[in-house]
Amino acid sequence: MILCCGDALIDMIPMTSKPGTEAYVPRPGGAVLNTAVALGRLGAPAGLLTGVSHDIFGQKLAAHLTQSHVDTSHILWSDRPTTLAFVQLVEGQASYCFYDENSAGRMLDIAQIPALPNAITALFFGGISLASDPASDCYAALLAREAGSRVIMIDPNIRPGFIKDAARYRQRLGHMMAQANIVKVSDEDLNWLFPAPQSDEQKVKQLLALGPSLVVLTRGGDGADGFLANGSQIHVPATPAEIVDTVGAGDTFNAGLLAKLSELNCLSKDQVQTLSPETLQLALEHGARAAAKTVAREGADPPWAGDL
């Protein structure tokens, strides 16, 4: 099983009501939840570890996960509120305003998380849960606890407006990426991490120097590149799609990549360390196809395996 660890929230998606006034529609979201849902829909064994509220939004999140074949046995339930993310769309590009104080997903402690079963072979981390205390410290401790025996993938999915202490965030994120096997960043993430005027390839080399076996760089409409620690590089173009919005696109790409690696029995630490360029290309292409289906739909609505 691939256990996704991190944020689960409600995206408030803007729409126009029948009388023509502005309105918002609540949709399950969060980078890590979206990745888990996409994995489940693509047929990969997936679970979610996060904090979820007993409130009406939390029940909506749990139902969404179950309907998408995601294991919910690692959810930590509480009476705290659900995080809300109000979405603003400009030409299909999403920006967010978060309401997250004292939320169920944020107020976590590593002492709450029991030993994980051997059936979990890989852990995925990412999203705003890596920027907000105390959850960020909890997930960093969980990653450190499990990195010796399981494949670790991290996608920081950086939201600069959400980061209160940039120096501390950079330090924590750098430490987590150094323990990861797979690091995925967007071009925007890469430029935030390394603001100095360098080429993308030079910046990726700095990420590889931290220790991961694979760094994946996504460039939106310009496709994605995979960089292996042995120096191999693979480029795949973006799959053509009519873009409705980009909500959940990167999360679905992550799921497509992991689902293909799982299908090919490459989600062990040894297999990831010796990944071939041919296998990497298959995984990147699968991620690109899955992401193209998501951007053609409103909100974070990852495809099912049959859609591909």
Side-chain angles (χ1 to χ4, degrees), residues 1-6 31-32 34-49 68-71 116 118-126 143 146-157 176-177 179-186 204 207-208 211-218 223-230 232-236 238-239 248-294 302-305 307-308:
M1 178 190 291
I2 302 165
L3 185 63
C4 299
C5 310
V32 178
N34 291 340
T35 300
V37 165
L39 279 166
R41 292 185 179 186
L42 291 172
L48 182 67
L49 189 159
S68 298
H69 304 165
V70 177
D71 183 283
L116 301 179
N118 293 333
I120 296 172
T121 57
L123 275 69
F124 172 85
F125 296 86
L143 185 153
E146 304 295 333
S149 58
R150 310 176 205 264
V151 171
I152 303 294
M153 178 174 174
I154 183 169
D155 172 11
N157 197 11
M176 294 178 77
M177 291 191 294
Q179 299 172 87
N181 305 102
I182 304 171
V183 173
K184 179 259 184 175
V185 289
S186 68
V204 167
L207 282 180
L208 285 169
S213 300
L214 168 63
V215 171
V216 176
L217 173 62
T218 56
D225 293 277
F227 301 83
L228 293 170
N230 64 13
S232 298
Q233 179 179 344
I234 295 294
H235 173 77
V236 298
T239 301
D251 312 324
T252 306
F253 178 92
N254 292 335
L257 173 77
L258 285 171
K260 180 58 68 173
L261 291 177
S262 176
E263 177 190 332
L264 297 174
N265 295 316
C266 290
L267 269 186
S268 70
K269 295 184 80 68
D270 290 342
Q271 290 284 352
V272 171
Q273 287 172 359
T274 59
L275 205 63
S276 70
E278 293 78 14
T279 298
L280 175 57
Q281 180 160 354
L282 291 174
L284 292 173
E285 289 173 345
H286 196 59
R289 285 195 299 272
K293 292 294 184 181
T294 298
W304 294 83
D307 296 331
L308 302 187

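When all heavy atoms are compared, the tightest approach of A224 to F253 is CB-CZ, 3.8 Å. Closest approach of G6 to V32, counting heavy atoms only: N-CG1, 3.5 Å. Between C266 and T279 the shortest heavy-atom distance is SG-CG2, 3.9 Å. Minimum heavy-atom separation, A255 to L39: O-CD2, 3.4 Å. When all heavy atoms of A229 and P212 are compared, the pair lying nearest together is CB-O, 4.0 Å. Summarising the geometry of S262 relative to L267, their closest heavy-atom pair is CB-CD1, 3.8 Å, with the distance given to 0.1 Å.
Atom-to-atom distance recorded for D251:CG and N157:CG is 6.0 Å, nearest 0.5 angstrom. Interatomic distance, CZ of F124 versus CG of L48, reported as 11.0 Å (0.5 Å rounding). For the atom pair Q281 CD and E278 CD, the distance stands at 8.0 Å (nearest 0.5 Å).
In summary, the side chains of S232 and N230 do present a donor paired with an acceptor at a separation below 3.5 Å, with no hydrogens or angles considered. Side chains of T239 and R289: no donor on one and acceptor on the other come within 3.5 Å.
No side-chain donor-acceptor contact under 3.5 Å links K269 to the backbone of V151.
Of the residues L143, I2, I152, the one that meets the side-chain contact (heavy atoms from CB on, under 4.5 Å) test with L123 is I152.
A heavy-atom distance below 4.5 Å is not found between the side chains of S268 and T121. A 4.5 Å side-chain heavy-atom check between S213 and L275 finds every atom pair outside the cut-off. Side-chain contact between L308 and L42 is present, with at least one heavy-atom pair separated by less than 4.5 Å.
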